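Reviewing the structure listed below.
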There are 2 protein chains.
Amino acid sequence: MTTSGVASKARFSAQARLRALQADIMDLILERELEAGDPLPTENELALALGVGRNTLRESLKVLQALGVVEIRHGFGMFVAPSNFDALADGMTFRGRLSLRHKGDEALELVDVRQALESGLIGSAMDKMTAGQLAAVEESVTRMEELAAAGEPFVEADAEFHRRLFEPLNNALLISLLAVFWKVYRQIHLEVGTGAEDLSEMAAVHRRIYEAVAGGDKALAAERLAHHFDGIRHRIYEVIEK
Amino acid sequence: MTTSGVASKARFSAQARLRALQADIMDLILERELEAGDPLPTENELALALGVGRNTLRESLKVLQALGVVEIRHGFGMFVAPSNFDALADGMTFRGRLSLRHKGDEALELVDVRQALESGLIGSAMDKMTAGQLAAVEESVTRMEELAAAGEPFVEADAEFHRRLFEPLNNALLISLLAVFWKVYRQIHLEVGTGAEDLSEMAAVHRRIYEAVAGGDKALAAERLAHHFDGIRHRIYEVIEK
DNA sequence: CAAACAATATTGGATGTCCCACCTTCTGTT
DNA sequence: AACAGAAGGTGGGACATCCAATATTGTTTG
């Protein structure tokens, strides 16, 4: 259940202890009914309360920080954190880059999942999109076109376009997940060679997606959104094949 | 390009240092062209190579372990790991439980994302599903029905059903993500009260999903899959309202 | 000779201690 | 009243030391 592969026996104890400690910390937060933003006990207090050494406790705390459970502020204290998937993005980016050096499976899987999410959810997003939100999407497209015309890359505008596209769903988790996928996607794109020459073509692709959304044609929007990912997928294939 | 010994003077918050250290470790893996399963240097060697203390290094390593980047085996060594999202699941479960005590936003968002993923991808999965895989899905349904008839819960069979449903896509990342969502979903389900009385109804819901899949009706399968999540969503609403 | 056992080297696991860096707050001067 | 500096508390980090688990090696034993 845990991991495929070597099923050693006592390897659980070490790993289990760390995870039990993480669970203890989370339980403590839940038991004390702390909300996001509330302070946690100090490291020394926690170490004493949980019966472990401070360094051991810190290892768990850093994991919880990476998972977005706690926020640690040097010299100030530790707090229950709002969701934060940055570390997850780093880990997945690493996996993508690692896989590119061999068969590229994970990189392709990542693109597939992102495509499925965006392409599958665009319909619902269009249902709830207000005129103002639609205008914000077009603003992003316009900025991409301007940057493309100037020969400059438009990393941030691209991210913003996709973020605004799914803002109507009002789902912070989804936005975070898409941000993770976008970040990893971007890294893979860089690694794989962006083909900097077709900047204007990329902007045009986004313009066509916008037009489908503005026109209310869900099927067309989903299709164009899906097509948007074909480029990088083919590029990954090329890198793998050679 | 490890940039070990970054001459950072100031302004680098502790958080940035930790993440830089994680990045250094990942870069080291990439630079040495290590594949999954390959051994990493020992803790002491790494600490020396990266110019940090052993405890500091361990904090980063534990994070990387939680992110599924490295696998740590007591007394044996550290290795580049296959993907492992268990820790992520714990973190998200925590967030879900935390949110249930207040507004429940994140719990609902989680269900929404899972629904979107499963409902949106079932069509592609059906395209690629073999007869054998379809039979495996039915086997899971049958087992659920048997357990329901015996009055026993069918946690594992439920998970297996959904896993097998998307196995044809051959996307390990997707399977892992769905496993995470399923795990969190189940925890929320427990927290929110499962309504143990409708076991047979739950089995029947899965049977109907299977029938739609077997019949090749993608739209119907997607709809029934989506309906499958309405129950828990309403239950979460009830918990929040009161 | 081979299998079983035991000692050992190597590795990560955990803790305590000491000091540093950072942030807030209080306090005293201007 | 406003600003600057001191003080206290917090997390950040490095060692040193010991514990625990694993694989290897060497010996014993049938």
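Both backbone and side-chain heavy atoms feed into the values below; hydrogens, waters and symmetry mates do not. The sequence lines fix the lettering, A, B, ..., with proteins before strands; numbering per chain opens at 1. Computed from a prediction, not measured in an experiment: that's the story for all the values here.
In this entry the distance linking CZ of Arg19(B) with C1' of dG12(D) reads 17 Å, nearest Å. The CG-P distance, from Leu18(B) to dC22(C), rounds to 16 Å in whole Å. Rounded to whole angstrom, the span from the CG atom of Asn44(A) across to the P atom of dT17(C) amounts to 11 Å. Protein atom CZ of Phe79(A) is 12 Å distant from nucleotide atom C1' of dG9(D), rounded to whole Å. To the nearest angstrom, P of dT10(C) lies 17 Å from CE of Met78(B). Look at CG on Leu64(B): it is 14 Å from P on dG12(C), rounded to the nearest Å. The CG atom of Leu57(B) sits 14 Å away from the C1' atom of dT11(C) (whole-angstrom rounding). As a whole-Å value, the separation of Glu59(A) CD from dG13(D) P is 13 Å.
Between Arg163(B) and Glu167(B), none of the side-chain N atoms (NZ, or NE/NH1/NH2) sits under 4.0 Å from a carboxylate O, so this pair counts as no salt bridge. Arg186(B) has no carboxylate O lying under 4.0 Å from a charged side-chain N of Asp158(B), or vice versa, which leaves the two without a salt bridge.
Checked against dG12(C), dC23(C), dG12(D), the side chain of Glu43(A) finds its nearest nucleotide in dG12(D). The side chain of Arg58(A) has dG12(D) as its nearest neighbour among dT11(C), dG12(D), dG13(C). Among the nucleotides dG12(D), dT24(C), dG13(C), the one closest to the side chain of Ile72(A) is dG12(D). Residue His74(A) has its side chain nearest to dT10(D) when only dT10(D), dT11(C), dA20(D) are considered.
A 4.5 Å side-chain heavy-atom check between Asp90(A) and Met26(B) finds at least one atom pair inside the cut-off.
Using bins of under 30°, 30° to 60° and over 60° for the plane-to-plane angle, the ring pair Phe229(B)/His162(B) lands in the tilted bin.
An OP1 or OP2 oxygen of dA14(C) is reached within less than 4.0 angstrom by a side-chain nitrogen or oxygen of Arg17(A). Taking 4.0 angstrom as the limit, Thr42(B) places none of its side-chain polar atoms (N or O) nearer than this to OP1 or OP2 of dT11(C).
Here the CD-CD distance, from Gln65(A) to Glu71(A), works out to 8.5 Å after rounding to the nearest 0.5 Å.
Taking only distance into account, the side chain of Asn55(A) meets the base of dG16(C) through a donor-acceptor pair shorter than 3.5 Å. At a cut-off of 3.5 angstrom, the base of dG12(D) holds at least one donor-acceptor pair with the side chain of Arg54(A).
Within the 4.0 angstrom heavy-atom criterion, base atoms lie near Gly75(B).
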